Amino acid sequence: MMLDPKLIKEKPQIIRDMLKARNVDFDLDTLIECDQKRREFIIKTDELRKKKNQVALEISQKKKQGEDASSILSKMKNTSAELAKLEVEQEDIESTYSKLALTIPNLVHESVPIGADEGANKEIKKWGNIPVFDFKINDHIDISENLDLVDLERAAKVAGARFYYLKNDLVRLNQSLISYGLDFLSKKEYSLVQPPYMINRESMEGAVIADDFEEVIYKIEDEDLYMIGTSEHAMAAMRAKEIIEGKDLPLRYAGVSPCFRKEAGAHGRDQKGIFRVHQFDKIEQFIFSRPEDSWKEHERMLAITEEFYQSLEIPYRVMLLSTGDMGKVSAKTYDIEAWMAGQNAYREIVSCSNCLDYQARRLKIRFRDKTNEDTKYLHTLNSTLIATTRILVSIMENFQTNDGHIRIPSVLQNYMGNQKEI
RNA sequence: GCUGAGAUAGCCAAGUGGUACGGCGGCCGUCUCGAAAACGGCUACGCGCAAGCGUGCAGGGGCUCGAAUCCCUUUCUCAGCGCCA
């Protein structure tokens with residue numbers, strides 16, 4: 001359901017290689033066995049259903065002619081009982097099969113470096129000059145405290161750790177980034193979307209693997225609703241169960257929404273400030289593409305995102321993630337890491353992935369060019385354009401001035417009423 | 001939230017217990033110098049090398065030899081009422 005089931009039957013070695021490259025523990029042998037049994041059950045139950053249909057037809061004809069049908073009624077009864085028994089066994093197999101099948105990771109593109117963790121990531125590009133300061137610089141926590149731009153203590157009182165109140169000109173800068181980002185993508189043939197911030201489980205499962213739910217996603221109590229961790233979730237599901245006309249592809253969406261994340265596995269990391277938080281605003285690029293165009297779209301999306309950061313004058317580098325650092329849903333992921341002067345390091349701000357037909361299979365999103373052709377699964381891609389809190393950090397730290405203020409990047413000044421400094 | 005009416009294929013839509021009627025749109029073909037018209041076929045998913053077969057009437061459950069159809073339930077849509085930024 002997530003990978004092409006034909007692979008399981010015909011080319012299991014491809015899956016085996018992927019599991020090895022990703023170094024994940026997965027019971028492929030059980031899956032293969034279930035798949036085979038599943039097919040046998042389909043053949044057996046279909047055969048019985050055929051018999052049932054034939055008998056039903058007989059009964060119907062006899063009754064129409066006023067004849068007595070009681071002798072074949074019992075035949076029908078037996079067949080139905082036999083089928084019902086088989087169906088119970090079949091459900092068992094199907095449920096084991098789909099549980100496994102839904103957790104198998106995506107295939108990996110051949111260009112992806114194989115490695116255990118982020119140490120194997122490959123830097124493929126650097127842009128911009130790292131700012132040099134002739135004074136002692138502060139990190140974003142000190143800067144925002146000095147200028148009264150963030151209140152972390154009261155947020156902790158009201159909501160807990162990893163929450164924040166943005167204040168004053170930082171609120172305006174946050175809004176400016178969103179406005180600028182939306183305008184930017186509008187000019188690149190994206191349609192703007194503001195999605196639901198809560199979606200049901202079925203939709204969430206299309207974009208997220210079940211194991212990741214607990215660690216990442218907030219659930220609404222007593223409702224079949226989950227807070228989106230990114231608008232990617234809501235936008236992938238937007239077209240679920242649809243057959244899209246080939247001439248409409250590619251569909252490029254720019255989704256803007258808050259994002260909610262538990263950050264359950266991140267204890268102790270980035271504990272201070274607004275770098276790693278439970279809630280932030282994000283503009284996400286999401287593309288439904290023809291399979292043959294998806295790698296081209298992937299590069300295009302990366303190029304657009306780079307252009308965006310160049311316009312903001314933020315130095316960055318592009319990393320090609322290794323198998324150990326990449327998400328299970330993605331076949332290839334570029335991260336963009338922005339320079340954060342206060343940390344004297346490049347930090348992740350963008351993740352740009354091609355998911356091939358993995359999400360499309362889970363969500364049943366297909367396309368076709370001609371109505372008498374078979375439908376095909378399309379490809380989905382996603383990339384951050386901007387997760388605002390991290391860029392706020394980068395801007396505060398990189399653009400800080402000698403007298404303790406923050407220079408506003410020139411492309412944003414329009415959006416700030418021509419203000420040049422905070 | 002209450003009351004009522006609904007949910008059938010890409011769209012519209014018939015079907016009150018016995019093989020899902022029909023129309024529109026779209027695609028392919030025949031015809032034509034070409035097009036239009038007309039006519040024929042195709043236009044959800046699964047299994048199978050194939051011939052074929054099965055499934056699918058919003059989701060789940062039930063009664064029945066047999067369910068789109070009867071019963072229960074959930075979701076959603078529409079109308080009216082109520083509440084509300």
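Naming: A, B, ... by sequence-line order, numbering from 1 per chain. Note that the coordinates shown come from a computational prediction; the quantities given were computed from them, not determined experimentally.
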Closest listed nucleotide, where the reference is the side chain of I59(A) and the choices are A44(B), G18(B), G66(B): G18(B)
Integer-rounded Å distance: A44(B) C1' and D374(A) CG: 11 Å
Phosphate OP1/OP2 of C45(B): any R366(A) side-chain N/O under 4.0 Å: yes
Option passing side chain to side chain contact (heavy atoms under 4.5 Å, CB included) with H298(A) (candidates S289(A), C352(A), S383(A), C355(A)): C352(A)
Nucleotide paired to C27(B) in any strand shown, Watson-Crick or G-U, under 3.5 Å: G41(B)
Ring geometry between H278(A) and F163(A) (parallel below 30°, tilted from 30 to 60°, perpendicular above 60°): tilted
Separation of atom CG in D46(A) from atom P in G56(B), rounded to whole Å: 11 Å
Side chain to side chain donor-acceptor pair (under 3.5 Å), paired with Y226(A), selected from E205(A), H233(A), R201(A): R201(A)
Interatomic distance, E47(A) CD vs C47(B) C1' [rounded to whole Å]: 11 Å
Cation-aromatic face contact R390(A)/F275(A), 6.0 Å, 45 degrees: yes
Touch class at under 4.0 angstrom, heavy-atom based, for I42(A) against every strand present: sugar-phosphate
P gap between U74(B) and G66(B), integer Å: 26 Å
Phosphate-side-chain proximity, R39(A) and G48(B), N/O vs OP1/OP2 below 4.0 Å: yes
Phosphate-side-chain proximity, S80(A) and G66(B), N/O vs OP1/OP2 below 4.0 Å: yes
Separation of the C1' atoms in A14(B) and A7(B), to the nearest angstrom: 15 Å
G48(B) - base-pair partner by Watson-Crick or wobble geometry, distances under 3.5 Å: none
F280(A) six-ring centre to K282(A) NZ/CZ under 6.0 Å and within 45° of normal: no
Gap in Å between the two C1' atoms, one belonging to U16(B) and one to U8(B), rounded: 15 Å
A44(B) to C21(B) separation - P atoms, rounded to the nearest Å: 14 Å
Sugar-phosphate only, base, or nothing, as touched by L57(A) at under 4.0 Å among non-hydrogen atoms: base
Assigned partner base of G56(B), Watson-Crick or wobble definition, under 3.5 Å: none
R368(A) side-chain proximity, nearest of A44(B), C47(B), U55(B): A44(B)
Under 4.0 angstrom between K9(A) side-chain N/O and C49(B) OP1 or OP2: yes
Nucleotide opposite G17(B) in a Watson-Crick or G-U pair, distances under 3.5 Å: none
Base-pairing assignment for U32(B) (Watson-Crick or G-U wobble, both under 3.5 Å): none
Residue mapping more 5' on RNA chain B - nearest nucleotide basis, S60(A) or R49(A): S60(A)
Distance, rounded to the nearest Å, where K75(A) contributes NZ and G66(B) contributes C1': 15 Å
Length of the line joining K50(A):NZ and A51(B):P, which is rounded to integer Å: 14 Å
Pair Y218(A)-E221(A), side-chain donor/acceptor within less than 3.5 Å: no
Distance below 4.0 Å between N53(A) side-chain N/O and G54(B) OP1 or OP2: yes
Candidate pair D183(A) and S186(A), rule side-chain hydrogen bond (donor to acceptor under 3.5 Å, both in side chains), full reasoning: CA-CA 5 Å; D183(A) 286 350; S186(A) 292; 5.2 Å; no
Distance between P atoms of G82(B) and A67(B) (Å, rounded): 45 Å
Rounded distance in Å - CD (E373(A)) to P (C28(B)): 9 Å
Span that lies between the P atom of U3(B) and that of U64(B), in whole angstrom: 31 Å
d(CD, E202(A); C1', A58(B)) in whole Å: 11 Å
Distance, C1' atom - from C12(B) to C49(B), rounded to whole angstrom: 40 Å
Paired nucleotide for A5(B) [Watson-Crick or G-U wobble; both distances under 3.5 Å]: U77(B)
Nearest-angstrom distance from the residue atom NZ of K376(A) to P of U43(B): 16 Å
Separation between the P atoms of C11(B) and G59(B), rounded to whole Å: 15 Å
Under 3.5 Å on both distances, the Watson-Crick or G-U partner of C84(B): none
